[in-house]
Amino acid sequence: MIQLRYFASLRESLGIGDEQVELPENVSDLPALTQWLQQRGESWENALADQRLHVAVNQQIVPADSRIADGDEIAWFPPVTGG
Amino acid sequence: MIQLRYFASLRESLGIGDEQVELPENVSDLPALTQWLQQRGESWENALADQRLHVAVNQQIVPADSRIADGDEIAWFPPVTGG
Amino acid sequence: MIRVQTVDFNPADELEQLRSVNNGKAGAMVSFTGLVRDLNEGDNITQLTLEHYPGMTEKALAKIETQANAQWELTATLIIHRVGPLQPNDNIVLVVAASMHRKQAFAACEFMIDTLKTSAPFWKKESLQNSDRWLAPG
Amino acid sequence: MIRVQTVDFNPADELEQLRSVNNGKAGAMVSFTGLVRDLNEGDNITQLTLEHYPGMTEKALAKIETQANAQWELTATLIIHRVGPLQPNDNIVLVVAASMHRKQAFAACEFMIDTLKTSAPFWKKESLQNSDRWLAPG
């Protein structure tokens, strides 16, 4: 299983904040995972195509082409605006 | 009359914090006033010779050769160390 | 010390608390308080909602504190950030750096709030009279 | 606002007071608190006495505030400086700048304390175990 999380405007666009899914066969990096999620429909395709999104794996921001593994927590979110 | 004030280590060296004196004849600038005060004795001569001293006329720091007039408030003090 | 919380904090009490444990070590304490503004881009703000990433946010703040302490000689640091719905003039964030040296306290405090704004996972949503909008980095 | 006083002040109360009158205008408030250190140049400090030039000091502080407000967009400024005998960890000075912009609040606060240290007529005398000494600018 992998834990997926979506924050802020992305969470609202997708209508979901977090979910647990089985890591699909043949998916071992972020581009493949994103592509797999984008097959869910147009809203997913568009929302995850946003180049400004950051991705964190296990609560660390990582490059968009990073590898992933079973058990990871993967989060997508727009640029941060705290403070 | 002019008001003279001495602060901090200078006040302690001179043993006086403030005084009112008649502006002496022929004294119309700070160098002449300083010279006149230095005639009071060695402690005055030495203390007022300190090049690090600042002079304020009417509560504004001024150049050491500034003119003075009757009614002025003149203050000498070492470099400031507040804050 | 870092804290992420929904409840309000009192910058005054936090500073006094830091001062009481300081016990004469630091000569300089610099604080930054971020407040909810009532006006942004010409619009009246009725509410500001702070979302965060529980777990990652705390790690990000702890890392910022660690970086500041590595770069400057500090006797104490503090970061408190609120989350949830806030009203105009509410406290959002408090960042404090204490040092023997004033320049270092200023530099560290400014570094911590600057870094927080670009790297800690918080997101702001403004409520206007009749609509909401997510803020973009400014 | 400026104040020169012998009695203590509470940075927390002062900040809270500024915040309450801020009423949503400023988004950023930066404060500097100067504290009496218990150690200086390797010596234990038992007391620090602040002398000032009544009248001129207030004018110098007011001028610093005016300069800061001319140079940056500020919604509020505050300078409080104590005089007389102080003990280690006592508050010496509080400088606050509030602004809509964080960079401006930092710059203005640092300008005010830097300028105060070089131009406002205050003098510090340290009491050690068995002697006193006047401080030179550092």
Side-chain angles (χ1 to χ4, degrees), chain A residues 1-21 23 29-30 33-34 37-38 42-83, chain C residues 2-5 31-37 40-41 48-64 79-84 86 90-95 109-127 131-138:
Chain A
M1 300 285 279
I2 52 175
Q3 171 84 39
L4 305 183
R5 312 191 69 164
Y6 316 101
F7 288 96
S9 54
L10 179 66
R11 173 178 52 72
E12 289 188 348
S13 298
L14 299 177
I16 184 173
D18 54 279
E19 56 179 328
Q20 289 206 327
V21 299
L23 183 63
D29 59 20
L30 284 173
L33 178 64
T34 303
L37 287 168
Q38 284 179 313
E42 202 175 342
S43 66
W44 287 81
E45 193 176 331
N46 293 337
L48 292 179
D50 187 341
Q51 294 299 310
R52 291 165 301 183
L53 290 182
H54 295 293
V55 191
V57 174
N58 299 326
Q59 306 188 353
Q60 294 271 12
I61 291 188
V62 295
D65 60 353
S66 298
R67 296 186 67 79
I68 55 171
D70 197 35
D72 281 350
E73 174 178 320
I74 300 148
W76 285 263
F77 46 81
V80 304
T81 58
Chain C
I2 65 156
R3 295 194 337 243
V4 179
Q5 59 190 45
S31 80
F32 172 85
T33 309
L35 303 165
V36 180
R37 287 172 55 187
N40 194 20
E41 296 172 14
L48 184 73
T49 306
L50 265 293
E51 182 170 333
H52 78 305
Y53 183 165
M56 181 172 169
T57 301
E58 290 78 359
K59 285 181 194 166
L61 298 184
K63 186 179 170 192
I64 292 169
I79 303 176
I80 306 176
H81 204 297
R82 290 178 71 189
V83 293
L86 304 177
D90 276 358
N91 295 306
I92 303 173
V93 61
L94 176 69
V95 176
C109 184
E110 194 161 12
F111 164 82
M112 287 193 284
I113 182 64
D114 286 357
T115 308
L116 185 158
K117 282 182 176 272
T118 55
S119 76
F122 291 103
W123 301 275
K124 280 181 185 147
K125 185 184 200 174
E126 283 179 347
S127 300
S131 61
D132 289 349
R133 64 184 177 203
W134 289 97
L135 293 188

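First the proteins, then the strands, lettered A, B, ... as listed; each starts at 1. Quick caveat: nothing in here was measured; it's all calculated off a predicted structure.
With a 4.5 angstrom heavy-atom cutoff, A:Arg52 does not touch chain C via any of its atoms. Only the backbone of C:Thr118 comes within less than 4.5 Å of a heavy atom in chain A; its side chain stays farther off. If you measure heavy-atom distances from C:Ser119 to chain A, the contacts under 4.5 Å come from the backbone alone. Looking at C:Ala136, the atoms closer than 4.5 Å to chain A (heavy atoms on both sides) all sit in the backbone: N, CA, C or O. Contact of C:Lys117 with chain A is made through backbone and side chain together, with heavy-atom distances under 4.5 Å. With a 4.5 angstrom heavy-atom cutoff, A:Ala56 touches chain C only via side-chain atoms.
Nearest approach of C:Pro54 to A:Phe7, heavy atoms of both residues: CD-CE2, 4.4 Å.
Annotation: the span from C:Lys125 atom NZ to A:Thr81 atom OG1 amounts to 12.0 Å, rounded to 0.5 Å.
Options C:Lys63, C:Lys124, C:His81 differ in how many heavy-atom pairs under 4.5 Å they form with chain A, and the most are formed by C:Lys124. Per-residue counts of heavy-atom pairs under 4.5 Å with chain A were compared for C:Pro121, C:Pro137, C:Gly34; the largest is that of C:Pro137.
Within a 6.0 Å sphere centred on CD of A:Glu42, heavy atoms belonging to other residues, nucleotides or ligands number 12 at most. Within a 6.0 Å radius of CD in A:Gln60, other residues, nucleotides and ligands contribute 12 heavy atoms or fewer.
Side chain of C:Trp123 to backbone of A:Ser9: no donor-acceptor contact under 3.5 angstrom is found.
Side-chain atoms of A:Glu73 and C:Met56, non-hydrogen and from C-beta on, never get closer than 4.5 Å to each other.
Classification of the A:Phe77-C:Tyr53 ring pair by plane angle, with boundaries at 30° and 60°, yields perpendicular.
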